[in-house]
Amino acid sequence: MRRIPIVACLIANVCFAARPVIFDTDMGNDIDDALALAMLHALSDRGECELIGVTLTNAHPAAVPYVRMLNRFYGRGVLPVGAAIKALKGGAGDGYMTAALSAAAADSATPAGTAEPAPALLRRLLSNAREKVVIVQTGFSANLAALLESPGGAALATEKVALVVAMAGNFAGGEPEYNVRIDVASAKAVFERWPTPIVFSGFEIGRDLLYPAASIERDFAYAHPHPIAESYRAYAKMPYDRPTWDLTAALEAVRPEHGYFGRSEPGSVLVESNGATRFVPGQGDRRYLRLDPSKRAEILEVLALLSSQPPARR
Ligand SMILES: [Ca+2]
């Protein structure tokens, strides 16, 4: 009896291609991007999505090698990685990347070669996609804004993007959120004019779901060194429980039907000059996530399980 759902799942995976996903990230500024990328590899291994590329909005020189190192750890070393097109003040940090690269040095050499600019990669991935793509944006909006403002970019997004899930904004009335504040002009362009639906995981969602340090110590012990665990330890003094901002966006992007989060009514999102986001219900196809506190334990369990899942293809 226990085999039946597994077989059904395998058949389903063969019969229906997994939804392609692009991960657009400011990797290196905070640790949640690394955990979110680990999750997208795990979900790809499970056949729930297909990670087709990573585009960066952190221009730190370690960002491309670091993402390539993680992709290689998870058995996807050939995955294309696009480099950030501009260094943003306060948004080009190396919170853990160099440390994790040096810890991994014995395990794998850093691949040579430059990366193409992220907006060019985004355009190529979308143009070549056989079905509509979900974009998980967990950093600044520079790449999507560049695509939107390039010739034919809006039409390409309309044709090839199903949905953007963005970790951005603050829908609980707080301060301007970091991902918006660092590049206000790009966020304003994307959140107000991007031609497909956008679902926002606002600051308040990840803030209220803290990743347990105990999981880093326990669940990643299957590999030494483990690049995610090394990164987490390098980012801040252990033990600490870090908000799961980017993980929640990745989860909602791939598993919307699980209903982990509630969603607001549709509306529009306006970006003020200081980076504050304002939701206006009514016209528009923007929504933001809501967290039911009674689901907190379940969601944290899922986030830890997926981000710590051993690579299937290593
Ligand atoms: Ca991020």
Side-chain angles (χ1 to χ4, degrees), residues 21-41 43 51 53-60 62-64 66-67 69-71 81-100 118 122 134-145 164-171 174-184 186-187 190-191 198-211 227-228 231-232 234-236 240-254 271 275 277 288-289 303 306-307:
V21 169
I22 295 170
F23 186 47
D24 185 68
T25 165
D26 68 323
M27 186 69 75
N29 287 312
D30 203 322
I31 193 60
D32 52 338
D33 296 84
L35 286 158
L37 179 53
M39 277 182 66
L40 290 173
H41 280 293
L43 288 160
L51 182 60
V54 179
T55 48
L56 282 157
T57 49
N58 178 353
H60 192 282
V64 168
Y66 176 82
V67 169
M69 182 269 288
L70 280 192
N71 290 345
V81 178
I85 47 172
K86 55 180 177 180
L88 293 156
K89 187 162 181 264
D94 175 14
Y96 46 85
M97 298 186 296
T98 300
L122 200 50
V134 173
I135 299 175
V136 183
Q137 182 189 295
T138 66
F140 318 118
S141 299
N143 294 335
L144 270 61
V164 175
V165 181
M167 189 284 124
N170 188 329
F171 303 96
E175 293 292 301
E177 186 272 323
Y178 173 75
N179 286 346
V180 183
R181 182 167 49 78
I182 293 296
D183 191 349
V184 176
S186 295
V190 172
F191 301 162
I198 303 178
V199 171
F200 291 87
S201 180
F203 174 82
E204 64 279 5
I205 299 294
R207 175 198 64 195
D208 293 343
L209 288 163
L210 298 181
Y211 196 95
I228 298 293
S231 300
Y232 200 97
Y235 182 63
Y240 66 98
D241 296 350
R242 191 68 185 151
T244 56
W245 292 299
D246 297 352
L247 292 77
T248 62
L251 184 65
E252 182 67 13
V254 180
V271 178
T277 42
Y288 61 90
L289 299 183
L303 295 176
L306 290 173
S307 55

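We're numbering straight along the sequence, starting at 1. Start at 1 and go down the list; that is how both ligands and their atoms are numbered.
Look at D246 and the Ca ion (ligand 1): an N/O/S atom of the residue is under 3.0 Å from the metal. In summary, T138 places an N/O/S atom under 3.0 Å from the Ca ion (ligand 1), meeting the contact criterion.
At the Ca ion (ligand 1), the vertex angle linking OD1 of D33 with OD1 of D26 is 90° (nearest 10 degrees).
Between the side chains of S307 and Y211, at least one donor N or O lies within less than 3.5 Å of an accepting N or O. Checked by atom type, the side-chain pair H41/N71 shows a donor-acceptor distance below 3.5 Å.
I182 meets the side-chain contact (heavy atoms from CB on, under 4.5 Å) test with L88, F140, Y178; sequence neighbours excluded. When the side-chain contact (heavy atoms from CB on, under 4.5 Å) test is applied to A142, the partners found at least two apart in sequence or on another chain are T57, K86, D183, S186.
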